[in-house]
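Here is the structure we will look at.
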Amino acid sequence: MKQSKLFSKTKKELSEDVEAASHKWLLKGDFIDQLSSGIYSFLPLGWRVHQKIENLIREEMNKIGAQEVFLPSLQPKQLWEETDRWGNMAPPLFKLEDQHEREYALGSTHEEVITDLARKRIESYRDLPQAVFQIQNKFRNEVRATGGLLRTREFMMKDLYSFHATEKSLDNYYQKVKKAYFRIFDSCNLNAVAVEAESGSIGGSKSEEFMIESPSGEDEVLICKNCNFGANTEKVGELNECPECGAELEHKNCIEEAHAFYLGDKYSSEMGATFTDKNGEEEPLLMGCYGIGVGRLMATIVEVSHDDKGIIWPMRVAPFQVHLLQLGDDKKVEKTAKKVTKSLQEAGIEVLYDDRDKSAGEKFADADLIGIPYRLVVSEKSLEEDSVEVKMRVEDETELISTGKIAEEIENRIK
RNA sequence: CGGAGCGUAGCCUAGCGGUUUAAGGCGCGUGCUUUGGGAGCACGAGAUCGCCGGUUCAAAUCCGGCCGCUCCGACCA
């Protein structure tokens, strides 16, 4: 991609109103644009990151046997009345009417829709277990949106729902999901702890929140210095030491990144989603549901991974893998920059090629801001050595790699 | 929804009753000079000062209403 043609344009100045680090950097780098309170457009750079995160999540969902679906945002009132949630959601539903004055909600979650699907096709214990997920827009009538992408009123969520014949099966799958979640956070270079939580308006018997340590987090969590134990401070009051390993506990601000619920038969009972068990008895389905906010995850990565110059994207979710800067408009430099870009692309590497007629300083500043993992520089200086200068966003040192070997070398390093 | 604050050019800000033409920076256009850490000079385009009403000889500036946005509180992925 030529940067001169990129729709996104970095900003030098930002409103003094912007406070959260992720909000600031995502706006400065022009990853996102605010349309209204809590409502954001994703621009090319931002959308590439968003899609990388989606694909990472999608991969992990596939690994645990979940099947991808896509459910409607427009959901009829009657469905929500079956579970008595039409007027009882917190935050409330966005509601609207069609031309026949029929009422709908814009889905803030999809338990009703998925349970309806399940009751239409799951009939026997032989059909179980099942797990389906989607990555789709959610609408939540939040009282107050905050911190850019950290809490919005429209956002993409990966929501997974599982159906089981037995508690054991549900528990077994729940643990699998939990492991998949930790793998997802690992791939984003985030440390997560699972803490027991209130089930809120989703309900069910038990739930856990997946918390990521970050100064701009709104939740206070007690985290063990030694093991992976975490607990919500409101939930447990004051603990003095870790109940798992006895080590010291620390208070940390965290962002709630994901939430998993043992729904049990809450929705299936209310909506008549049953199956016939081995003994020929009709039983309600046992359900679990598991959500990750994609935009919030993107913001969290930035909260945790940035410096005073900009974002530092982990390779897995970076908008491009290589940012190639061409310095000066010397013909030979330009020719080499194009050639190197092409050879990288042919090796399957995603390259943002800064071909703009801008000063070196501005290009360096933009590269730091956008935060692509590898920065390559082609200039008269580098050509004197018949080389390309290579620097990683996380490192300070640069090195020279021969122009002929650059594609192969970068390809190897990225793997 | 309670509390606080803010709306001036595409963006960031200054001005907060009276230099009459609303100021500066960024960005944008044209030309020249530059090119390893947000370059320089010159010229130029770009604003019904959020909207409506009121006070006044005079309103971006004071008052009221509305709209929008931000932050703190409660809630969430």
Side-chain angles (χ1 to χ4, degrees), chain A residues 9-20 23-24 27-28 30 33-39 53 57 89-92 107-110 135-160 181 184-185 192 197-202 207-212 216-219 232 234 254-261 289-300 309-310 325-330 333-334 354 356-369 375 377-384 389 391 396 398:
Chain A
K9 292 218 171 168
T10 57
K11 292 182 166 68
K12 280 189 188 170
E13 290 164 321
L14 271 193
S15 163
E16 289 159 357
D17 281 351
V18 178
E19 297 192 351
H23 193 196
K24 178 174 145 186
L27 284 174
K28 272 198 109 181
D30 214 23
D33 181 275
Q34 181 174 0
L35 179 62
S36 186
S37 180
I39 305 178
I53 298 172
I57 294 173
M89 285 298 288
S108 64
T109 180
H110 282 73
I135 298 172
Q136 198 242 22
N137 261 15
K138 298 288 184 272
F139 298 86
R140 296 192 179 177
N141 203 343
E142 296 282 355
V143 199
R144 182 160 98 81
T146 47
L149 256 32
L150 287 170
R151 190 206 284 146
T152 59
R153 298 193 297 162
E154 175 178 353
F155 62 96
M156 293 283 256
M157 176 162 135
K158 183 287 299 171
D159 43 331
L160 164 68
Y181 275 18
I184 290 166
F185 299 134
E198 305 293 339
S199 293
S201 48
I202 305 286
S207 82
E208 283 177 298
E209 293 167 338
F210 295 76
M211 297 295 206
I212 311 271
S216 39
E218 297 179 330
D219 299 272
N232 224 312
E234 308 107 57
C254 285
I255 297 171
E256 182 190 336
E257 206 56 62
H259 204 153
F261 301 81
C289 78
Y290 323 83
I292 298 181
V294 182
R296 180 178 286 182
L297 182 50
M298 176 169 159
T300 304
K309 295 197 174 85
L325 317 191
Q326 174 191 320
L327 300 188
D329 56 4
D330 177 83
V333 169
E334 188 183 338
D354 193 349
R356 297 173 304 164
D357 182 23
K358 299 269 187 193
S359 72
E362 189 165 353
K363 292 190 178 194
F364 287 136
D366 275 347
D368 289 338
L369 170 57
R375 186 190 82 187
V377 176
V378 176
S379 65
E380 291 185 51
K381 203 168 118 186
S382 76
L383 283 195
E384 280 171 22
E389 179 191 279
K391 178 186 167 297
D396 290 325
T398 62

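No hydrogens, no waters, no symmetry mates; every other heavy atom, side chains included, goes into these values.
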What integer distance in Å separates [X]:[atom1] from [N]:[atom2]?
X	N	atom1	atom2	result
A:K28	B:C26	NZ	C1'	11 Å
A:I53	B:A77	CD1	C1'	13 Å
A:E198	B:A77	CD	P	12 Å
A:K391	B:G36	NZ	P	18 Å

Options [options], nucleotide nearest the side-chain atoms of [X]:
X	options	value
A:E142	B:C76, B:G36, B:G68	B:C76
A:R140	B:U70, B:C76, B:G36	B:C76
A:A258	B:G38, B:G36, B:A77	B:A77
A:E218	B:G36, B:A77, B:C75	B:C75
A:R151	B:A74, B:U35, B:G38	B:A74
A:V377	B:G38, B:G36, B:G37	B:G36

What does [X] touch in the nucleic acid at a heavy-atom separation under 4.0 angstrom: a base, only the sugar-phosphate, or nothing?
X	answer
A:G148	nothing
A:A145	sugar-phosphate
A:T398	nothing
A:T152	base
A:E389	base
A:L327	base

For [X] and [Y], work out which heavy atoms get closest and say how close.
X	Y	answer
A:L149	A:G295	CB-O, 3.8 Å
A:S201	A:M89	OG-CE, 4.0 Å
A:T152	A:G38	CB-O, 3.2 Å
A:P92	A:N141	O-CB, 3.0 Å
A:E389	A:R375	OE2-NH2, 3.3 Å
A:S379	A:V333	C-CG2, 3.7 Å

Practice task
With RNA chain B as reference, determine whether A:T146 or A:L369 sits nearer its 5' end, using the nearest nucleotide of each.
Solution key: A:L369

Ignoring hydrogens and angles, are the base of [N] and the side chain of [X] linked by a donor-acceptor pair under 3.5 Å?
X	N	answer
A:R375	B:G37	yes
A:R153	B:C76	no
A:S359	B:G38	no

Nearest-angstrom distance, [atom1] atom, [N] to [M]:
N	M	atom1	result
B:G3	B:U19	C1'	41 Å
B:A9	B:G15	C1'	16 Å
B:G7	B:A60	P	15 Å
B:A47	B:A23	P	13 Å

Does a nitrogen or oxygen in the side chain of [X] sit under 4.0 Å from OP1 or OP2 of [N]?
X	N	value
A:Q34	B:U70	yes
A:S37	B:U70	yes
A:S36	B:C69	yes

Report each atom pair, protein N/O against N/O of nucleotides 27-33 of chain B, whose distance is under 3.5 angstrom.
residue, atom, partner, partner atom, Å
B:G27, OP1, A:K12, NZ, 2.7

Tabulated below should be each protein N or O lying under 3.5 Å from an N or O of nucleotides 1-12 of chain B; please produce it.
residue, atom, partner, partner atom, Å
B:C12, O3', A:L14, O, 3.3

Exercise for the section: Taking A:K138 for its side chain and A:K158 for its backbone only, find out whether a donor-acceptor pair lies under 3.5 Å. Expected result: no

Handout entry: Dot-bracket summary - RNA chain B, pairs being Watson-Crick or G-U whose distances fall under 3.5 Å, with | when paired to another strand
Key = ((((((((.[[[[.)..(....]]]].((((((.....)))))).....[[[[[..)....]]]]])))))))....

Practice task
Please indicate yes or no: is the ring centre of A:F155 less than 5.5 Å from the centre of the six-membered base ring of B:A77, with the two planes inclined by under 30 degrees?
Solution key: yes

Exercise for the section: Compute whether any side-chain donor of one residue and acceptor of the other, for A:Q136 and A:D159, lie under 3.5 angstrom apart. Expected result: no

Practice task
With the side chain counted from C-beta on, respond yes when A:L327 and A:D354 share a heavy-atom pair under 4.5 Å apart, and no when they do not.
Solution key: no

Exercise for the section: Salt-bridge test for A:R356 and A:D366: reply yes if a basic N is under 4.0 Å from a carboxylate O, no otherwise. Expected result: yes

